[in-house]
Structures are given as structure tokens and as C-alpha cells.
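One structure is given here, and the rest of the page talks about it.
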There are 4 protein chains.
Amino acid sequence: MRSPYFTVEHDVFREGVRKFVAEEVAPNADLWERDHMIPREIWRRMGELGYLGINHSEAHGGSEADFFYSVVFLEELARGNMGGFTAAVSVQQYMATAHIAKAGSEDIKQQFLVPSIEGQAVGALAISEPDTGSDVANIRTRARREGDEYVIDGAKMFITNGYYADFVVVACRTGEDGASGISLIVVETTRPGFKARKLDKIGWRCSDTAEMSFDGVRVPVSNLVGKENHGFYYIMESFQLERLVGAVGAIGAADYVLEFTGKYIRERQAFGRPVARFQTIRHDMADMVTELAAARQLVYHTAWLYDQGEVPVLECSMIKLKAAELCNEIIDRCLQCHGGYGYMEEYPIARAYRDTRVGTIAGGTSAIMREIIAKMVLD
Amino acid sequence: MRSPYFTVEHDVFREGVRKFVAEEVAPNADLWERDHMIPREIWRRMGELGYLGINHSEAHGGSEADFFYSVVFLEELARGNMGGFTAAVSVQQYMATAHIAKAGSEDIKQQFLVPSIEGQAVGALAISEPDTGSDVANIRTRARREGDEYVIDGAKMFITNGYYADFVVVACRTGEDGASGISLIVVETTRPGFKARKLDKIGWRCSDTAEMSFDGVRVPVSNLVGKENHGFYYIMESFQLERLVGAVGAIGAADYVLEFTGKYIRERQAFGRPVARFQTIRHDMADMVTELAAARQLVYHTAWLYDQGEVPVLECSMIKLKAAELCNEIIDRCLQCHGGYGYMEEYPIARAYRDTRVGTIAGGTSAIMREIIAKMVLD
Amino acid sequence: MRSPYFTVEHDVFREGVRKFVAEEVAPNADLWERDHMIPREIWRRMGELGYLGINHSEAHGGSEADFFYSVVFLEELARGNMGGFTAAVSVQQYMATAHIAKAGSEDIKQQFLVPSIEGQAVGALAISEPDTGSDVANIRTRARREGDEYVIDGAKMFITNGYYADFVVVACRTGEDGASGISLIVVETTRPGFKARKLDKIGWRCSDTAEMSFDGVRVPVSNLVGKENHGFYYIMESFQLERLVGAVGAIGAADYVLEFTGKYIRERQAFGRPVARFQTIRHDMADMVTELAAARQLVYHTAWLYDQGEVPVLECSMIKLKAAELCNEIIDRCLQCHGGYGYMEEYPIARAYRDTRVGTIAGGTSAIMREIIAKMVLD
Amino acid sequence: MRSPYFTVEHDVFREGVRKFVAEEVAPNADLWERDHMIPREIWRRMGELGYLGINHSEAHGGSEADFFYSVVFLEELARGNMGGFTAAVSVQQYMATAHIAKAGSEDIKQQFLVPSIEGQAVGALAISEPDTGSDVANIRTRARREGDEYVIDGAKMFITNGYYADFVVVACRTGEDGASGISLIVVETTRPGFKARKLDKIGWRCSDTAEMSFDGVRVPVSNLVGKENHGFYYIMESFQLERLVGAVGAIGAADYVLEFTGKYIRERQAFGRPVARFQTIRHDMADMVTELAAARQLVYHTAWLYDQGEVPVLECSMIKLKAAELCNEIIDRCLQCHGGYGYMEEYPIARAYRDTRVGTIAGGTSAIMREIIAKMVLD
Ligand SMILES: Cc1cc2nc3c(=O)[nH]c(=O)nc-3n(C[C@H](O)[C@H](O)[C@H](O)COP(=O)(O)OP(=O)(O)OC[C@H]3O[C@@H](n4cnc5c(N)ncnc54)[C@H](O)[C@@H]3O)c2cc1C
Ligand SMILES: Cc1cc2nc3c(=O)[nH]c(=O)nc-3n(C[C@H](O)[C@H](O)[C@H](O)COP(=O)(O)OP(=O)(O)OC[C@H]3O[C@@H](n4cnc5c(N)ncnc54)[C@H](O)[C@@H]3O)c2cc1C
Ligand SMILES: Cc1cc2nc3c(=O)[nH]c(=O)nc-3n(C[C@H](O)[C@H](O)[C@H](O)COP(=O)(O)OP(=O)(O)OC[C@H]3O[C@@H](n4cnc5c(N)ncnc54)[C@H](O)[C@@H]3O)c2cc1C
Ligand SMILES: Cc1cc2nc3c(=O)[nH]c(=O)nc-3n(C[C@H](O)[C@H](O)[C@H](O)COP(=O)(O)OP(=O)(O)OC[C@H]3O[C@@H](n4cnc5c(N)ncnc54)[C@H](O)[C@@H]3O)c2cc1C
């Protein structure tokens, strides 16, 4: 073994996911990207294969595997070279349902978590709004209580899975201004007054990022996740998992792009020899694999801490920052290695390039990561 | 005046172009980009306005203006925020027709240059091939002489204006291997045996970049530009103009993006104040405007040398390198300033981001620029 | 001519300074650096040669040359590869005496400016204090008026020429807190109560940077420069010249280091060929000369604006930022090109390395430059 | 525990070394640096404390501790803020004696290893020569066999401990040109014909880096380490340990500098608040700790591989590259955080700055690391 973190069982699992991605995901990329849609069959298929439950409790159909199974799963998903798909799965499995799994009532779990694990339901998590993204405590979508119901008014922005989802975990203001007046409420997308609009993006095209409006949407109070006005704390805690998951995806993507770029430059000829023989390109590759190796070890270390039951806020913020920035940089330089072909949509690097760019924005921008890190090391 | 390079007349001209771009180019961007096509009317309109001839001789319908008119023109075109359009015009005016203007016979000039200046004809310049881009001396498209004709066989790749052009200046092998066996030959796109295929790209979407095949295409020997087997030297010389033009476009684009990003961050609020109040963003902006100011002065200096009749190979290579790399970096950082909106196609930064990326590739990659510069300063 | 800024006369002047530096400055570097002292003879010699007056009025013994003579002078001084010497001269000529020349009474000019131009007197400018450097408005050295005298108490820090100077232009608090209570007062270093201590530094070793204490130092009120409580505005204005001068020195130094490094790598062999044949080193050199060329043009442009009578705050801040940062970076990379020899004091790169590092600190840190630039472009 | 690599025992050991460094090393730094000499007492003291044998066999007086004890030891040495001392110890313990321990005869071990572990003898390792550093296979110092002796002629350059050492392990050419004709031979510095000259350096001042000349130096053939003409392979293998050791030192140094810089910026005031409150400085710190955390995990991972008995060439090259480059960058930015004080020798950052710079050169330059990495990932 070349790492204290992985066992043979992880390797076996990896092979399975790799095969699945190569045979059932990657070949469909062009289609899903063109349609701006991930079809339901693939969710069901992942449910069938048990992938959507590796991080969930056996009681609800999951397998409660250690977190390095998730690491493997997310690294391998990245080999589909479709950031939007990785994002969609990550949101479903580690964000939307994570809240429900962590703080939800058994009823809510039965209603939303179980079918999500089965791949029968797809979820979204809606925090950001048109006027506020980084400043989570400032959201304005309001849920006021009327009898046994919440009545929700407001808007959400940039919500992954937001157009085709069955349910959305929505951060709503139920109390006073600021962090201590926010709750998480599950909203079924069939509820009257809910509307969503798909957004056209640079990348993550298969992923249905949506703007949502809530116009007097009514849901039963039992749709509340956890305690009222505790939403901000749930969100802050779950951000750690989200960022860890995002970081794993980023190193997976960078790794895959380096792999096919290495192949390309060994084959492409210029001035009578493979491009991979030019020293500047060689040293560039050396720098990139080195940076990636370092980022990877920090990601694994963080995953290990997480698996030990810690909430490693500092490390999660660091890997989100580092992995996302690095992934952008690596893919940018790999595109350059492709010369003119790098700019052509026919080549996989083009999609990788369009997809990666959101990594330093979604899930908290790099600036926000630096804010958290600085606070933790300086104050 | 705040620069020794520009006069009041240049400023007046600038206002005219700015108005034209704002009223007749920018509003059509979405359409042209969707259609992957620049309509003929706009070419004719530019012909009418005299823009397409500012760098050409009065004898052929141009105005022989000093080069800083071209600088102004290209800087202003960039404000259309449509890199593909700037590219198309640049190719037409400073590349395809430049060869004809420089080395072509009077006949060829009448046939291709005059209507190009009028906006009645559109030209392309085809050097790169599927198997060779950086290594120009290695092209393989062959033109063999048969009586009064050249018969051309081969393929060209990544040719701007290549799909809708009326004529293409094609680099062909007419002699031995290497640099000394290349000629430039004009090929009308209506000639039998010529075929073109549009390529789908990350950006420059309105621009019809094409792969071309020549299957026994016959043109009269009078279509030869300049002397047989002198093509490589023509190309090398004209690269300087191409790179200067590209660099001007790059600083124009960077400048424009900085302008609208500045506006965005002054308006966008987070944590109770405009994003433009965060020191990290402020210093980022400061670095960017500083780098741009430096690049700009080097571009102007190079334009001045060019205007003095020099062929400033070193400076042209330096500004191509610097301006293209910087433009990428600035636009990338400006996208980041936009947060999630930066990733949305509805915002101008998204197209700018997709467009700029080709700048360090087309017209000679950054690596090739560094090769030239190093040769000139070290050997 | 390859630049609109320089004439043949400038070139002739350049040759003179170059010879002077090569013959009378550079050979003494080791000695002066070891002694942490610049001997008086060299000041007198420069006075004799007229160098110390190129930017001063003919009425006081100067030659009132256009500013590009100063550019030439400072670029050439840098070829002495002794940052401390360039700094000492710059302070004398463009800082300490500049205030006197600009706002001083004729009396003060006769007393301090005239001998400074002759190289008979050496001046310093003392603004920074132990507790405040960046925040100029916050200085605490106090001058209270007693009859016809000012009585000065306080301390100054990091003052160039501060140990061997004959006179010091001292920023003192004469009024209220903040920017509007500061005055400039000339203090002769022979006055009782004045003490100075030399500081040991990473570089600039020949330059006598000093910590000063003022313990009831009395000077006549006629030693006031300009108007009382107007000091802050004088300082802010003169910072522009100081920064322009610093930027010219930085590009001069970078240029010189690139020159001798180029020579070194062409001679040094590794793996059977000159180190200058390795592509990574070549491209590094290409990047460096490109960046320097861009910075240089912006510096010249700024000098031109200055020479036109403008106070180009934005441009001065930009070139101070860019030239100082770039000079550090270039010299760092050039050291790397030297391999192990780069770390040895026997090689000129070692001193260059130690000297350059202060460039982003003295004269206002890079952060302060970015603050100014951001304010001007964003607010 | 927050890491799978360290145990409580390591922590206890760490405390001991930290105390030793704080009490017996750091207070002497100014003296040793001024004298360009590390006194013998400190070697003997380290011998006494058992430190010099943690990586050596019990049979020769060592403690055969796992490699993470060496990691702890080297990290803590760095807190002495004296790169030259860390270097001297590293050479003694992990380079000079490492060859002897690995391939030497029992006789040689008794003669040189045992007293080295006791701190009674100090060793050096001499590979580099005036004309060749990176290109190890090209060394020219020749040892020809005469009866029972080797007669050595040639010169060595940049040899750490080279002036005060008792013995030097010298790479000599005993056979043909190139890699396969090199042997390692121990030379006592008392042998006639051996001379050494101390070199004056930017940093590592306490360390006696020397140029050596061998003028017919005779040593018994029993001084050969391992097999004749196998030297290159010994060197290549031992480079891995050297680079691992260097990388640990680099992260130790970076960590320590970040610690005291953090303290400085929390205390230093500007514009009415601690410098640590400025966002740009905060984000800078955040970037640095993040990069360091990533590098650190890769270093630990490599140490783990090494401890498992692997010879992790790729990882050792990566961490040497990354840790040395990063340490330079971090210390440079930390110096900037100090403002003017950062340039003063009175502050610890000044020595750290001068010391760190050699990190990307000694032990193989960054370019050579990139060469190795590229070869391993691309060829
Ligand atoms: C494709 C995509 C998918 C997404 N999916 C989801 C989802 O599923 N659910 C969801 O809730 N959200 C989602 N988001 C939203 C995402 O989390 C936000 O876009 C992100 O947090 C940034 O918020 P913003 O867009 O409002 O940027 P803003 O907060 O407006 O930031 C604008 C700029 O200001 C900077 N900035 C802000 N504050 C500071 C500061 N204090 N200091 C320095 N700089 C600062 C930012 O770094 C950025 O550069 C998604 C976004 C995208 C693009
Ligand atoms: C949108 C677009 C429009 C274009 N328009 C035109 C046009 O109108 N007419 C035309 O003729 N061409 C055009 N081109 C082609 C363009 O000029 C080439 O793509 C470019 O010169 C690079 O060539 P290549 O794509 O073959 O890359 P390659 O030459 O295959 O280069 C691949 C990689 O190797 C690197 N490399 C190559 N040689 C070296 C070396 N010696 N040292 C180090 N690295 C090296 C490159 O930098 C690059 O990173 C266009 C390209 C694009 C993308
Ligand atoms: C060799 C040398 C010669 C000098 N010569 C002279 C001289 O002749 N006369 C003279 O008056 N002075 C002189 N100086 C002083 C010099 O001008 C100051 O050192 C400089 O202005 C920085 O001030 P400081 O050292 O107090 O740093 P501080 O102001 O304490 O700054 C510490 C750090 O905080 C940062 N910082 C400060 N404010 C901000 C902010 N708002 N936002 C972000 N970051 C911030 C700085 O960039 C720096 O990184 C000299 C200094 C040196 C080293
Ligand atoms: C303080 C100090 C202590 C040292 N201690 C020891 C010691 O104890 N024992 C010992 O044997 N040596 C020691 N060294 C020597 C050190 O190992 C060499 O300096 C180092 O290997 C570089 O060799 P060089 O100096 O000959 O540089 P060169 O090999 O001359 O390199 C010059 C430049 O060329 C570059 N270069 C070389 N080859 C290539 C290539 N193929 N591609 C791209 N760039 C290339 C290098 O990166 C460098 O930038 C020490 C050096 C120093 C400075």
C-alpha cells in the first residue's frame, strides 16, 4: 500500500465505480450537456448500485461506509469529465440529504432520504439568493407560520438540481435578522407558488442550476428540518462536508485532466518531436503533479480527520481553497498544452475548462475561504 | 494630451468607432454568437464607414492613416465584447489582405484587396494545418504547378473566417521541405475541390473558424502572392503586424472588462457594503490596472516603432506574449469578482471569459513567443 | 531613435555617467559596503561633475535639465550594483533637497540646497518613526514653538543618510493630530540633542540608515520649509517624485542584473552545454525581459507626464508598485540562474539580491501603493 | 491525535528538542553567525543527548528510531532560526554518515560513524565541484590507485562543514567518464595536500561552506565506501534522504517564521489598528498557511513511504521542489509583513530571509527536481 488511508477494499470499490463511470456516464456526456439535463435513469441506476447511500445509515438503505469510500467515489466520478454531473450527485448525496440525515425527523427521512438513496428522488439545497451568496446570514426568503403550515415567499439563486429536483431544502428566515433567525424547510417542487428557471452557464451544462421563486408556497410545519431558527448552524456545519466533497472532486478532475493531457503531449508532434519533449512543458507538468500531490495529501488528511468524527473547519476551508484554485490552474495550463485543439469543443479539455471555473465560486468563494482561515489562525 | 502618441484627431475617430460599436455591433452579439456567423451587412457597413481601409493605400480605397488609427479602431472594437468579431475583422484587414497589399500584384489587389476594403469580400489566411501549427515551416499542403495553374492538395486547420470567406490566402508547399519551399496562393472558396467545416469552440463563437480540405483545387498561377517559395518570409514578417494587432485587441478587451467589473463591484453588496470596499478586491483591481497600464505602454511603444517603419520582432513578440497572458488573467480575476453571476451566460463577463482564452494560442502560442524573445536576447 | 523620449544628447550624457559609475563608483563598492559608509569625496566629485544639480534650478547651481536626464542618471547609477548608493543619492537629490527647492525660502536654499548641489553637504529626509511608517499622518515627533525657535522632541526611524548627513528635513507635528498638523523643518545634525544610530540591514549596506532621536533640539523658525502645518501636503506631493525616482532605479537595477546574468548563463556549462541553452531558463529570461520592457515603458510614460508638469499620482504609484515588485522578482530568478554561485558574496548577484529586497518597502510599501491606486480607480 | 503519523512518544521527544533548541542553540545564533563557525561543544552536546544517532543503528551508538523522530528533530531544529546550523547537522547526520552507515565497512563505521554519533567527529560530503554541480555524473576530481592507496587530485566546491570537518566523504572519479566511474572515498582533513577555504555567503553564515582542493592527497584504499565505481548509485539513492531531510527543514522554517510573523502583525499598529486586521495581509496569511499545510502533508506522506522501506524518488523530488520554493515564498511575504523592520538584521526575519534562499539550490536545484519528476511522469 502506498497510503495509510486506503485499503484493498477501497481499491476494489474504485474499480467498480471507474467501470460504471466509463460505461454509463462518460458516453452520455455530450447528450446530457446538450440537453442541460441529467436523466432520471442514471439516478436510479446509481441507487441500484448503492452509490447514493455509501455515506448514509444502513437503517435508511445506505451502507455507512467509512469516508474514504466517498473519496473514492467522488474521485472516480470526476473521470466522467462532466463537472455538472459530479455537482449534481454531490448536492444530492452530501448536501440536500445530508441535512435531512443529520437533523431531520424520522418522518422526513422516510419521505426524502430513503427515496434519494434509492435514486427515486432528487434533492436540492437552496441557500443563496439573488442578492446574497457569500453573506449567508443575510438571506431574506421568509417563511411565516400560519397554523400548521409555513408560507414561504422569496427567491433563491444558483440552485444546483433546482429545476428537476423533487424536493428542495430551503434556508428561510423564520426569525429575526441575521444568523439566528434562519431555518431549513423542505419544499416539494410540486407545491403551488413554486417556480424555477434554468440558468445558462459557462459550464456544468448538464446540471440544472436554477433561479427559484416562492410565491406564498405552503408546506406543513413537519417539513422543518431540525429546530426552528437553528438553520444557520446546520448550514455552517454542513459546509465542511460540502467543501471536503468539492475538494475531492477538484483533485479528481485535475488528476484526470493531467492524465489525458500527458497522453496528448506524448502523441502530438511539433518541430520533429513529441511536444512532451519540450523542457518548458515538462517542467510545467512537473509543477502541476507536485502541486496536485500536495493538495491531495491535505485532502486525504482532512478526510481522515472528518472520518475520526472531527469537524475540521480549518482544514476543510484550506482544501476547498487550494483544491479549487489548483484545479483551475492545472486545467488552464493543460488547455494550453493542447494548442489550438484545446479551444475546440471536440476535445475533452474544452469541457473540463468550462466546468472547472466555478470551483472557486460555488460552495463559498476563495475569498470566503481565506476569511475563515485567517480568522482561525490570526484572531 | 496624456500621451505623446495620440492627437485630437485620434480622439475624434475613437468617438466615431465607439458609437458604431455600441450601436451596430454590441446589440447583435447574442444573435451572431448563436448563429456562429457574422452577417455580410456589417462588413459592408464597415466598408462604407471606411474602417476596413484605414491601414490600406489610398490607391485601393484606403485612407493610409497612421498606425495609431488602427490602434484606436482595434481598442474600440474590443468594446463590442465579442472576441470572435474582433478576430474576424483583424484577419480580414491586417492578415489576409495585408499579404496581398504588401506583396501582391496589382491584379490581385484589384481582385481581392479593393472589395475587401469596401466590405464586399471577406478573406481568410490559412497557414496552420491539422498536424502543424507552431512549426510553420513544416506545412504539407502542396501546390504543384500544371501549366498555368496550381493544383492544391492538403488540409488547413483552425482558419478564421474560413467558412464564409470569399477567398483564402493559403500557405502551400511549392518547393522543397522546410522554410524555403513555401508560397502564398489566393484560393477563391468557390473553386471545385475546396471544402470547409465549421468548428465548435469554447468562445469566439460568431467567428467561423474552419477546417479546410483542398482536393485537387485549381487556381491560375496569377493567384500567387509575391514570389514563389518566398512565402515563409512573408509570413514571418506579417506575423509582426498580426501580433501587434492581437496585442491591441487584448488590451482593449482587458480594459473594457475592467471597466464593467469596476461598475459591478461598486454596485454589488455583500456583508452590508459594496464588494468594491473589500481590500483584497481593491488590491486585486490595483494590480490589474497597473499591469494593464504597463502592457499598454509597451504596446503603444511597439506601435510607434512599427509606424516608424521598423519591423520590431522583439517588441511584437513581447506584447503578444504579455498582452494575451495578461488579458486572460485579468478576465479570470474579473470573473471571480462577479461571484456566481460570473458563471452565467447572461452576464458579459462569461463571453469575455470564453473568448479571451484563445489569445495565448492563436497567432502563435506564448511558448513560441518566448522562443523568439529568448533567441533575440540570448543567442 | 528607438524611443520618442530620448534624444542624442541624452545618449551622450548616458555615456558620461556610465563611465563615471564604472570607474569611480563600482570599484569602491566592496569597501563602502564593508564600512557602511559613503565617503564625502564621491559626493564632491558628483557635485563637480554637475550630476547633483541636473534637476535643480540654474539659479542655485543646477542645470535644469529635462527629467529624462534624471532618468538616464538613475538608470546608470544602478549599474554600480550598489542599491545603497543609488538610495543615498536619490534621497539627497530628489527628496531632501526637493522639498527645499520646492517650498523653501531663498535663505534655506542658499544654506542647504546650494552646497548639496555642489556635493559639499549631504541631506536626509525624516518622516518615518519607530511606531509609524505607512501611516504618515500619524507621526508624533513634536516641534513646539518657543520664541524664534522650534524645540523638537521625538524619534525618527529608518532614515537614509541619517547618520552622516549634515542636515535633515524633519516632519514634525506643529499642530493638531492628523494630516493637517505637520510641518517640515530643517535640522542640522550638529544641533545639541540630536542623536543618530546606524542600523544593520540585509542590504543597502553602504547607506547609513539611521534611527534618530530628538531630545529638545532647538532650531530657528527660519528653518521651517514652506508654510507651517502644510507639511503633509508637501510630503504627499513629493512622494510622487520619490516614487518615480525609485521606479527608475528599480528598472535600472533589473536591467543591469539581467545583463550580467545573461552573460553568466551563456558561459556556465552543465550537461555538456551552456546553461543558456536550457529551454526553461530561456523562457524565464524571455518572461523577465518582457515584463521589464513593459514596466520600463510605463516608467518613461510617467516621467514624460511628470516632465509635462503633471503630478501623476496614479502613474507614480503604479510604477513604484510594479517596478519594485518586478525588480525583486527578476533578481530572485537571476540568482537562481547562478546555481550555487548565486549564494556567494563574491558574485555581484548576491549584493543585488540583498539590496533589491527593500524596494517594495521603502518609499511606501506595495500595499500602500495598491491602496492609492484602488482609491483612484474605484472610489 | 490529529495525524496518523505521530504518536505521543514523538510529542514527548519534540518537547525535549524544542527545549534544547530554545536554550542551547537559539541564544548562540548571533555569535556563531558572526564567527562563521559552529563550536564543537554543541556537536558533543547533541551527541550526549543522543540526537545525532536517532537515525543510526544501535550497534553504533544510535537509537534506530522510526523516521518520524527525524522529522520531529529537523522541524524543531528549524526553530533555532539558523539555517546554517540545520544544514550542518543535516549533512553530518543524514548525508556524510549516511553513506558510511549504508555502504561502509565495519572498520569505517567504527572510525567515522561512531564518533560522529557521539558528536566527537564532524563530517562533510563533497560531490559538487567548481565546474559541475547539477551534473553530478560529470565530476572530475580523480582518485588513482597506487598500491594500497588512493591519490586524489581535484577540487570541490560549496561543501557544507567543509572547513571544520574531521573527515569528508569525497566523490572521486576512479573509472571511466560518466556515471559509472565514480567512487566515494573518505578523506581525513588532516591529510597532506588537502586544503579548504571558507566561502562568504548571503546566509547560512554559521555554516562553514568551503571550497576544497586536493593536491595529491593519499588515503588508504580501506577508506573506500562500498564498492569502487558504484559511487553514483550511492549518491542517487542517498539524494532521496537528503531531499526529504531538506524538505522537512524547509517546512519547519516556514512554520516558525509564520508563527513569529503572526505575532508581529498582531502587535504592530498602522492606521489605528493592528496590521493583522488588514484584509490583504489576512488573506496572504491564509494562503501561506494553506500552502504550508499541503506541503507538510506531502512531506509526511513521503516520510511514511521512506519509513516503510521505499525509495520514493518521485515524492522526494516533489517535496524538495515544493517545500523549498514555498519556504522562500513564505519568508519573503513574511518579511514584507514586517515593513521596514523586516530589512533590519535585528529582527529574526532578516536572517530567515537570507538563510532560506539557498533552499532551491543546494541539494539539487528546483530545475533538477522538475527534470526528475517530469522524467518519472512523462517518459
Ligand atoms: C453553478 C453554481 C451552482 C451553485 N449551486 C448552489 C446551490 O446548489 N445552492 C446554493 O445555495 N448556492 C449555490 N450556488 C451559489 C454559490 O454558493 C454563490 O454563488 C457563492 O457563495 C458566491 O455568492 P455570490 O454569487 O452571491 O457572490 P457575492 O457574495 O456577491 O461575491 C461577489 C464577489 O465578492 C467577493 N466577496 C464577498 N464577500 C467578500 C469579503 N468579505 N471579502 C472579500 N471578498 C468578498 C466574492 O469572493 C466574490 O468575488 C451556486 C453557484 C453557482 C455559480
Ligand atoms: C480560434 C483559432 C483561430 C485561429 N485562426 C487561424 C487562422 O486564421 N489562420 C491560421 O493559419 N491559423 C489559425 N489558428 C491556428 C493557430 O495559429 C495555432 O493553433 C497555433 O499556432 C498553435 O498551433 P497548434 O494548435 O498546432 O499547437 P501545437 O503547435 O501542436 O502546440 C501544442 C503545444 O505545444 C507547445 N509547443 C509547440 N512548440 C513548442 C516549443 N518549441 N517549445 C515549447 N512548447 C512548444 C505549444 O505552445 C502548445 O502548448 C487559429 C487557432 C485558433 C484556436
Ligand atoms: C532601508 C530603508 C530606508 C528608508 N529610508 C527612509 C527615509 O530616508 N526617510 C523616511 O522617512 N523613511 C524611510 N524609510 C521608512 C519607510 O518609508 C517605511 O519603512 C515604510 O513606509 C513602511 O513603514 P513601516 O516600516 O512603519 O511599516 P508598517 O507601516 O508598520 O507596515 C507593516 C506592514 O503592514 C502593511 N500595511 C500597512 N498599512 C496597510 C494597509 N492599510 N493595508 C494593508 N497593509 C498595510 C505594510 O504594507 C507592511 O507590510 C526607510 C526604510 C528602509 C527599510
Ligand atoms: C550553501 C551551499 C551548500 C552546499 N553544500 C554542498 C555540500 O555539502 N556538498 C555538495 O556536494 N554540494 C553542496 N552544494 C552544492 C549544490 O549542490 C550545487 O550548488 C547545486 O547542485 C547546483 O549546482 P551548481 O551550483 O553547479 O549550479 P549549475 O549546475 O551550474 O546550475 C546553474 C543553473 O542552471 C540550471 N540548470 C542546470 N541544469 C539544468 C537543466 N538540465 N535544465 C534546466 N536548468 C538547469 C540550474 O537550475 C541553475 O539555475 C552546496 C551549495 C550551496 C550554495
Side-chain angles (χ1 to χ4, degrees), chain A residues 1-5 258-259 261-263 265-266 274-302 304-305 308 310 312 314-315 317-323 325-326 366-367 369-379, chain D residues 1-5 258-259 261-263 265-266 274-302 304-305 308 310 312 314-315 317-323 325-326 366-367 369-379:
Chain A
M1 279 296 107
R2 295 207 90 227
S3 163
Y5 302 118
L258 277 172
E259 184 183 310
T261 300
K263 214 174 292 175
I265 61 175
R266 278 190 297 262
V275 159
R277 300 292 330 150
F278 293 115
Q279 196 187 32
T280 48
I281 290 213
R282 295 174 74 75
H283 284 207
D284 238 39
M285 289 297 283
D287 278 332
M288 290 190 271
V289 297
T290 299
E291 287 297 321
L292 183 56
R296 179 192 300 277
Q297 288 301 322
L298 186 56
V299 168
Y300 290 169
H301 172 65
T302 308
W304 181 84
L305 290 173
Q308 305 267 313
E310 290 206 31
L314 179 61
E315 286 81 2
S317 309
M318 294 199 298
I319 58 175
K320 169 65 169 66
L321 171 61
K322 169 75 181 170
E325 291 285 345
L326 180 62
S366 290
M369 295 308 104
R370 292 187 185 102
E371 287 286 290
I372 298 169
I373 297 163
K375 191 173 219 73
M376 295 189 76
V377 300
L378 285 176
D379 299 346
Chain D
M1 280 297 107
R2 296 207 90 229
S3 164
Y5 302 118
L258 278 172
E259 185 183 310
T261 301
K263 214 173 292 177
I265 60 175
R266 277 190 296 264
V275 161
R277 300 292 329 150
F278 293 115
Q279 195 187 33
T280 48
I281 290 214
R282 295 175 73 76
H283 283 208
D284 238 38
M285 289 298 283
D287 279 331
M288 290 191 271
V289 297
T290 299
E291 286 298 320
L292 183 56
R296 179 192 299 277
Q297 288 303 322
L298 185 57
V299 168
Y300 290 169
H301 172 65
T302 307
W304 181 85
L305 291 171
Q308 305 268 312
E310 290 206 32
L314 178 61
E315 284 83 2
S317 309
M318 293 198 299
I319 58 175
K320 168 66 168 65
L321 170 61
K322 170 75 182 173
E325 292 286 343
L326 180 62
S366 291
M369 295 309 105
R370 292 187 185 101
E371 286 287 290
I372 298 168
I373 297 164
K375 191 172 219 71
M376 295 189 76
V377 300
L378 284 177
D379 299 346

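Everything quoted here is computed from the prediction, not taken from an experiment. Lettering follows sequence order; numbering is per chain, from 1.
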Q. Using a cut-off of under 4.5 Å for heavy-atom pairs, which of A:Lys263, A:His283, A:Met285, A:Glu291 has the most such pairs with chain D?
A. A:His283

Q. Non-hydrogen atoms of chain D under 4.5 Å away: do they reach the side chain of A:Tyr5, the backbone, both or neither?
A. side chain

Q | Side chain / backbone / both / neither for D:Ile265 at chain A, heavy atoms under 4.5 Å | A | side chain

Q. Among D:Ala294, D:Ala374, D:Pro274, D:Ala286, who wins on heavy-atom pairs under 4.5 Å with chain A?
A. D:Ala294

Q) Do you know which of D:Ala293, D:Gly262, D:Ala276 has the most heavy-atom pairs with chain A at a distance under 4.5 angstrom? A) D:Ala293

Q: Locate the shortest heavy-atom distance separating D:Leu298 from D:Thr302; write the atom from each residue and the value.
A: O-OG1, 2.7 Å

Q: Measure the spacing between OG1 of A:Thr290 and CG of D:Leu326 and express it to the nearest 0.5 Å.
A: 12.5 Å

Q | Spacing of CD belonging to D:Glu315 relative to NZ belonging to D:Lys322, to within rounding of 0.5 Å | A | 15.5 Å

Q) So which part of D:Arg277 gets closer than 4.5 Å to some heavy atom of chain A, the side chain, the backbone, both or neither? A) side chain

Q | Separation of D:Glu325 CD from D:Lys320 NZ (nearest 0.5 Å) | A | 8.5 Å

Q. Which bit of D:Lys375 is near chain A, if near means a heavy-atom gap under 4.5 Å: side chain, backbone, both or neither?
A. both

Q | Salt-bridge contact D:Arg282-A:Glu371 (side-chain N to carboxylate O under 4.0 Å) | A | no

Q | Max heavy-atom pair count under 4.5 Å with chain A, selected residue of D:Asp287, D:Val289, D:Val299 | A | D:Asp287

Q) Measuring heavy-atom distances to chain A, does D:Asp379 have an atom under 4.5 Å in its side chain, in its backbone, in both, or in neither? A) side chain

Q: Look up atom OG1 in A:Thr261 and atom CZ in A:Arg266, then write down how far apart they are to the nearest 0.5 Å.
A: 10.0 Å

Q | Under 4.5 Å from any heavy atom of chain D - which part of A:Leu378 | A | both

Q. How long is the gap from CG on D:Leu292 to CD on D:Gln297, to the nearest 0.5 Å?
A. 10.0 Å

Q. Using non-hydrogen atoms only, which part of A:Ile372 is less than 4.5 Å away from chain D: side chain, backbone, both, or neither?
A. neither

Q. What's the spacing between D:Leu321 CG and D:Met369 CE if we round to 0.5 Å?
A. 8.0 Å

